[in-house]
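Please read the structure below before turning to the comments.
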Amino acid sequence: MVFIKMGWMLLAIIVICVQNSLAHDEYHRSPRNLYKFALPQNRMEATSAFWMNEAQAAIEARLEYTQVKGKARNVVMFLGDGMSVPTLAAARTLLGQRENRTGEESHLFFETFPTVGLSKTYCVDSQIPDSACTSTAYLCGVKANRGTLGLTAAVPRWDCPASVDTASHLESIAAWALADGRDAGIVTTTRVTHASPSGAYANIANRDWENDAAVAEDQYDPELCHDIAYQLVHSYPGNQFKVILGGGRREFLPNDIQDEEGTSGKRLDGRHLIEEWQMDKIMRNVSYQYVWNREQLLSVNADLPDYLLGLFEGSHLQYHMQANTSTEPTLEELTETAIRSLSRNSKGFFLFVEGGRIDHAHHENLVELALDETIELSKAVARAAELLSEDDSLIVVTSDHAHVMAFNGYTHRGGDILGPSDDIGDDGVPYMTLSYTNGPGHRPRQADNRVDVTHEENYRELEWRSHAEVPLESETHGGDDVAVFAWGPQNRMFSGMYEQNQIPHLMAYAACIGPGLHACTSAAAQAFVVTIFTPLLMLMLCNLFH
């Protein structure tokens, strides 16, 4: 009997250890898929050619009915991580109510853009996506497996040996821009090694491998599969990015070193990647600067270096509503510095900007924080539009995936968007206008009724969680389509409903970079047709009438 009890205890310990070993990201649970080595149902979807051809065919189809014009010298892609359509509606309402209006009639800045479309967000192996396979889609132009970055769907998640095959590696639109002599950069409110920005530069089989310790923890050799932070500093195209701004100092530092604010590093290889980034710039004889707080960021604007690295937190940046304003820059300020820096290249640039903490707040069922982060993204987009010309700069705003926040009930016009619905449940208990289908905001039923959350002691405080139906440690993503907004040259190409992997191809079409069809090539072809065939047509008409 003693041995049986010891056996159960050992099993429980093993289960706990396995669960802990997989919990690299506090917001995205990563259970190993039992079918992770199964091939896609359509094996062609595991090739880059399938998705490249799909995108090019869609561009050709658009050209038949879309009046397009202009070439984009600059491209700025804004990504609201987890910014679902209900999030947009609720955020614009909150914005209006903060301005003492009813709110529903308000709009976020980018909702005024001339073109809007919808993109489908599924992964090759998953109906509901994560931020890694979606990043591969909207930055590399190819759909992939959940949890993988910059790799075709031929590589399952966690398969380090398969990811080493360069035939599975994908290039991002940032690399396409660099190949054309333009500059590139990334800005995010998350760690710069997090899934969304990593799609611009990483090729890796697990989004959680942000440092070498995480690779080793999954029992792979970090020298075989270099971690994401290492790739950003030492591999192309990340090592060529002129601007890198966000959080995540811990991923770049040895575990026996603390950063400027007391966060310990996570690396086991002894590498100090911030110093290695600096040494690389010295060896190349270019100007550079590393900054870690808001004051340093704002001061650098007066004399921008060739290369700028800004890491403002050990992990993610603080939520805007909770941030220390003396040390924490806003997304708007980060965006402005990046654009001013990259604009010095006369050929143009590609910039990726992420409002990443919309997603995190939704995962925590912290609805006010999620909406405020969306409003902050809107401010950053507005500032970008002020700094750039609509004649030669394309701005695209979209999301990677949805969330399961519901905008529900029959509340009167102008009703508090963060308050309870005017309606009540059939059980006589109120419910919130904004709630979640799952997440940590779940309240167990009391006796025969739901909990009346409006009577809770911390009701409506900033970290009060809106109620959720299904109990989960972290709320899940949703499978909804997400909106795409476009402003500038070729913006009409972004209308309609399409696969998410078409987005970088559409941006590349407008900017005349990367593989496939280009706006300037099409314009040149049209000019050639006009030049050659117009005189012939005139000659034929003259002969006809004579």
Side-chain angles (χ1 to χ4, degrees), residues 76-81 83 108-110 183-194 196-197 200 229 232 241-253 259-263 274 277-278 288-344 349 351-361 369-388 395 397 462:
V76 184
M77 179 181 183
F78 284 91
L79 193 283
D81 196 312
M83 190 172 67
L108 301 168
F109 177 80
F110 51 83
D183 283 334
I186 55 173
V187 171
T188 179
T189 54
T190 69
R191 298 188 292 269
V192 296
T193 52
H194 213 230
S196 300
L232 178 57
F241 287 177
K242 290 293 181 70
V243 178
I244 302 169
L245 301 174
R249 289 189 295 254
R250 69 186 194 186
E251 315 300 333
F252 296 81
L253 301 177
D259 68 14
E260 295 84 351
E261 296 178 303
T263 301
I274 296 174
W277 179 88
Q278 294 170 317
Y288 66 92
Q289 191 158 347
Y290 164 67
V291 297
W292 67 270
N293 61 48
R294 180 173 181 263
E295 181 182 354
Q296 292 176 348
L297 177 78
L298 297 181
S299 64
V300 83
N301 285 330
D303 186 19
L304 287 164
D306 294 327
Y307 289 82
L308 177 62
L309 172 63
L311 300 175
F312 303 95
E313 282 289 338
S315 184
H316 306 301
L317 270 65
Q318 300 163 19
Y319 288 118
H320 167 253
M321 294 185 75
Q322 298 177 327
N324 180 341
T325 56
S326 63
T327 61
E328 204 89 347
T330 66
L331 185 58
E332 180 181 0
E333 291 168 340
L334 293 169
T335 300
E336 176 167 352
T337 297
I339 289 176
R340 290 192 183 281
S341 179
L342 297 173
S343 293
R344 294 174 296 175
F349 63 83
L351 174 63
F352 174 79
V353 181
E354 181 196 22
R357 305 225 65 192
I358 302 168
D359 173 76
H360 297 167
L369 289 175
L371 303 188
D372 182 74
E373 293 294 312
T374 305
I375 293 170
E376 286 301 297
L377 178 70
S378 178
K379 292 178 183 177
V381 178
R383 186 62 182 136
E386 291 175 356
L387 294 168
L388 299 170
I395 298 179
V397 183
L462 196 56

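Contact of the V353 side chain with the V76 side chain is registered, since non-hydrogen atoms from C-beta on lie closer than 4.5 Å. Taking 4.5 Å as the limit, some side-chain heavy atom of W277 sits within range of a side-chain heavy atom of Y288.
Paired with L351 under the rule side chain to side chain contact (heavy atoms under 4.5 Å, CB included), one option of D183, V243, V187, I186 passes, and it is V187.
For D81, there are no salt bridge (Lys or Arg N to Asp or Glu O under 4.0 Å) partners at least two apart in sequence or on another chain. For S315, the side-chain hydrogen bond (donor to acceptor under 3.5 Å, both in side chains) partners at least two apart in sequence or on another chain are R191. For A370, the side chain to side chain contact (heavy atoms under 4.5 Å, CB included) partners are A361, H362, not counting sequence neighbours. Legend: residues meeting side-chain hydrogen bond (donor to acceptor under 3.5 Å, both in side chains) with T335, ordered by chain and number and at least two apart, are absent. By the side chain to side chain contact (heavy atoms under 4.5 Å, CB included) test, L462 is found to be paired with M321, Q322, E368, L369, residues two or more places apart in sequence or in another chain being considered. Every residue meeting the ring-ring contact (aromatic ring centres under 6.0 Å, His included) condition with H316, not counting sequence neighbours, appears here in chain and number order: H194, H360. By the salt bridge (Lys or Arg N to Asp or Glu O under 4.0 Å) test, E328 is found to be paired with no residue, residues two or more places apart in sequence or in another chain being considered. With sequence neighbours excluded, no residue forms a side-chain hydrogen bond (donor to acceptor under 3.5 Å, both in side chains) with E295. Remark: F110 pairs with F485 by the ring-ring contact (aromatic ring centres under 6.0 Å, His included) rule, at least two apart or across chains. Applying the side-chain hydrogen bond (donor to acceptor under 3.5 Å, both in side chains) test to N324 and every residue at least two apart in sequence or in another chain returns S326.
For residues 292-312, no residue pair satisfies the ring pair (Phe, Tyr, Trp, His ring centres under 6.0 Å) rule, not counting sequence neighbours. Within the structure, no pair that satisfies the salt bridge (charged side-chain N to carboxylate O under 4.0 Å, His left out) test touches residues 310-325, not counting sequence neighbours.
The two atoms that bring H320 and E373 nearest to each other are N-OE2, 2.7 Å, heavy atoms only.
Looking at E354 and S196, their side chains do bring a donor and an acceptor atom within 3.5 Å of each other.
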### Message
Quick one, E332 with K379, criterion salt bridge (charged side-chain N to carboxylate O under 4.0 Å, His left out). Give me CA distance, side-chain angles, the key distance, then yes/no.
### Response
CA-CA 6 Å; E332 180 181 0; K379 292 178 183 177; 5.9 Å; no

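Using a 4.0 Å cut-off between a side-chain N of Lys or Arg and a carboxylate O of Asp or Glu, E376 and R357 do not qualify as a salt bridge.
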